Protein chains: 2
Amino acid sequence: MTDVATAFVPGHVTGFFTTERDDDPTKAGSRGGGIALDDGVEVTVRPADETAISLDGVDLEMGAVERVLDALEATATVSGETDLPLGAGFGVSGAMALGTALATSEAFDRPLSENELVTIAHGAEVQAGTGLGDVVGQARGGMPLRLEPGGPQHNYIDAIPERTRVEYYVIDELSTEDVLSGDTHTLSTAGQRALSRVVGEPTLSSFMRASRQFAREAELLTPDVREVVMDVADAGGEASMAMLGETVFAPGRGLTDAGYDAQVTSVHPGGATLLE
Amino acid sequence: MTDVATAFVPGHVTGFFTTERDDDPTKAGSRGGGIALDDGVEVTVRPADETAISLDGVDLEMGAVERVLDALEATATVSGETDLPLGAGFGVSGAMALGTALATSEAFDRPLSENELVTIAHGAEVQAGTGLGDVVGQARGGMPLRLEPGGPQHNYIDAIPERTRVEYYVIDELSTEDVLSGDTHTLSTAGQRALSRVVGEPTLSSFMRASRQFAREAELLTPDVREVVMDVADAGGEASMAMLGETVFAPGRGLTDAGYDAQVTSVHPGGATLLE
């Protein structure tokens with residue numbers, strides 16, 4: 001036990017995805033596409049006598065974080081600081097898991113590689129049922145396209161090379177666990193179709209179009225989200241729904257131009273990293 | 001032809017490497033380990049009637065950059081701006097190739113994915129004979145460990161998760177082409193040994209130790225570099241040689257503490273990216 005350590009993990013909105021089950025959590029996960037965001041989570045790990053987890057000063061339980069600490073045989077306080085809301089589709093739980101893995105390896109002197117730490121965080125998130133693809137997207141950064149599921153030893157990730165300002169507008173929470181524990185056949189079929197489209201034309205605008213089609217085909221679009229997405233389109237912009245939250249995201253000034261009081265961030269080009 | 005575009009590519013010092021030949025330049029390359037640096041190259045691509053390449057305002061020929069433009073069917077001026085010296089082991093030619101690929105895809109509206117653009121730049125650099133592993137290391141960022149050679153469709157990259165201040169001190173140039181065109185058997189054996197050591201203990205200090213052993217075993221250490229490395233060790237630090245340049249790099253304040261007037265940069269956690 002050496003020190004306190006802090007990691008930054010970008011937020012991650014998913015535009016479309018599939019669910020890929022496997023008994024091995026390092027092979028399970030999802031295919032899909034998303035955007036890593038400058039708005040992210042700073043995760044600080046301090047060795048302690050008892051494990052305690054907090055987000056913006058509020059104590060909470062997070063199965064994925066506890067599993068990461070167990071895997072690294074560490075007892076610690078884990079404190080997350082973020083501008084992002086929990087449960088709104090920004091991958092905050094994945095960010096907490098991945099940030100915990102990176103910062104714990106540093107604070108507790110566990111000499112593991114990046115891919116090993118990402119694997120631990122990904123497996124923990126899958127087993128906790130709180131996410132399938134955020135962790136590996138957050139490890140990559142940019143606009144990741146997850147072509148093969150699982151952790152870094154099994155997956156294959158490409159990316160759309162564009163960068164842009166991104167706006168988002170949160171209406172309400174959705175439970176990732178509820179959606180993932182239901183029937184996901186329709187969702188996965190729609191997700192695979194969306195991914196194929198974007199692979200054929202890896203651009204921001206094809207990503208936005210595929211995301212909207214996915215939200216409809218997967219029957220995840222809520223009436224309130226639909227309303228906002230249509231308002232953005234009427235104002236000449238493009239928007240879609242963050243999976244899984246009742247949240248609308250739009251590149252550029254889409255939401256502002258439609259009159260919404262949106263949060264502003266950007267594509268975060270790099271992946272998760274320790275802070276010096 | 002839409003616009004001018006600019007990409008940032010981190011510098012990359014290689015600590016140890018192997019050479020892996022293959023008739024297919026997307027499979028050829030090297031295994032090894034390096035450090036991506038905040039000091040990098042900003043590459044601006046402008047559509048033009050004739051292709052012209054410059055670095056810090058000086059016109060020059062760069063085979064890898066020309067090959068990238070050919071592959072993307074683009075005629076352009078390519079202007080690099082950097083604080084890094086050319087030919088001193090910082091992957092400036094790789095950065096120019098990769099930055100050209102990213103910025104050309106944006107400026108000329110070529111809808112290719114990140115991995116496709118990295119593949120083009122990597123293949124161009126291999127065919128030009130100016131580098132084997134810089135491009136894929138620069139695409140990843142951080143402290144990349146290249147476990148399998150080639151472009152993104154064939155390689156496998158892990159990384160050391162640490163971040164640190166990095167100092168460097170340039171003595172003279174070395175020609176990558178001269179070394180790579182000679183007998184590389186001893187070099188590759190030493191490179192594989194160094195990589196195995198660091199995979200077993202993926203830390204900064206094991207990386208520095210393996211890099212020094214590689215420089216000696218591969219018989220690339222010059223007397224002047226050896227002198228500086230020993231001075232740093234005498235001052236309580238760690239240093240090694242940037243492959244391939246007559247350049248010494250050291251984490252932390254190693255060179256400063258030994259009395260050298262060193263350049264200061266840091267591990268760059270993210271990979272190459274378009275600038276907004």
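Bear in mind the structure is a predicted one, so any value in this text is a computation, not a measurement. Letters A, B, ... are given to chains in the order of the sequence lines, protein chains preceding strands, and every chain is numbered from 1. Side-chain atoms are counted along with the backbone in the values below, which use heavy atoms only and exclude waters and symmetry mates.
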Minimal heavy-atom distance between A:Leu112 and B:Pro202, with the atoms involved, is C-CG, 3.5 Å
Minimum heavy-atom separation for A:Asp158 to B:Asn115, with atom names?
OD1-N, 2.8 Å
Between atom [atom1] of [X] and atom [atom2] of [Y], what is the distance when rounded to the nearest 0.5 Å?
{"X": "A:Ser113", "Y": "B:Glu201", "atom1": "OG", "atom2": "CD", "result": "12.5 Å"}
{"X": "A:Glu162", "Y": "B:Leu102", "atom1": "CD", "atom2": "CG", "result": "11.5 Å"}
{"X": "B:Glu114", "Y": "A:Ile157", "atom1": "CD", "atom2": "CD1", "result": "11.0 Å"}

Residue among [options] with most heavy-atom pairs under 4.5 Å to chain A:
{"options": "B:Thr164, B:Val267, B:Val199, B:Leu275", "answer": "B:Thr164"}
{"options": "B:Gly200, B:Ala272, B:Pro269", "answer": "B:Pro269"}
{"options": "B:Gly141, B:Pro152, B:Gly270", "answer": "B:Pro152"}

What option among A:Ala7, A:Ala159, A:Ala5, A:Ser105 has the most heavy-atom pairs under 4.5 Å with chain B?
A:Ala159
Closest-packed option against chain B by number of heavy-atom pairs under 4.5 Å, given A:Leu117, A:Val118, A:Thr273:
A:Thr273
Counting heavy atoms not belonging to A:Phe207, are there more than 12 under 6.0 Å from its CZ?
yes
Taking everything shown except A:Arg46 itself, do over 12 heavy atoms lie less than 6.0 Å from its CZ?
no
Measure distances from [X] to the heavy atoms of chain A and classify the residue's part below 4.5 Å as side chain, backbone, both or neither.
{"X": "B:Ile160", "answer": "backbone"}
{"X": "B:Thr203", "answer": "side chain"}
{"X": "B:Leu145", "answer": "neither"}
{"X": "B:Ser266", "answer": "side chain"}

Using a 3.5 Å distance criterion without hydrogens, assess whether the side chain of A:Arg163 forms a donor-acceptor pair with backbone atoms of B:Leu274.
yes
Under 4.5 Å from a heavy atom of chain B, the part of A:Arg140 involved:
side chain
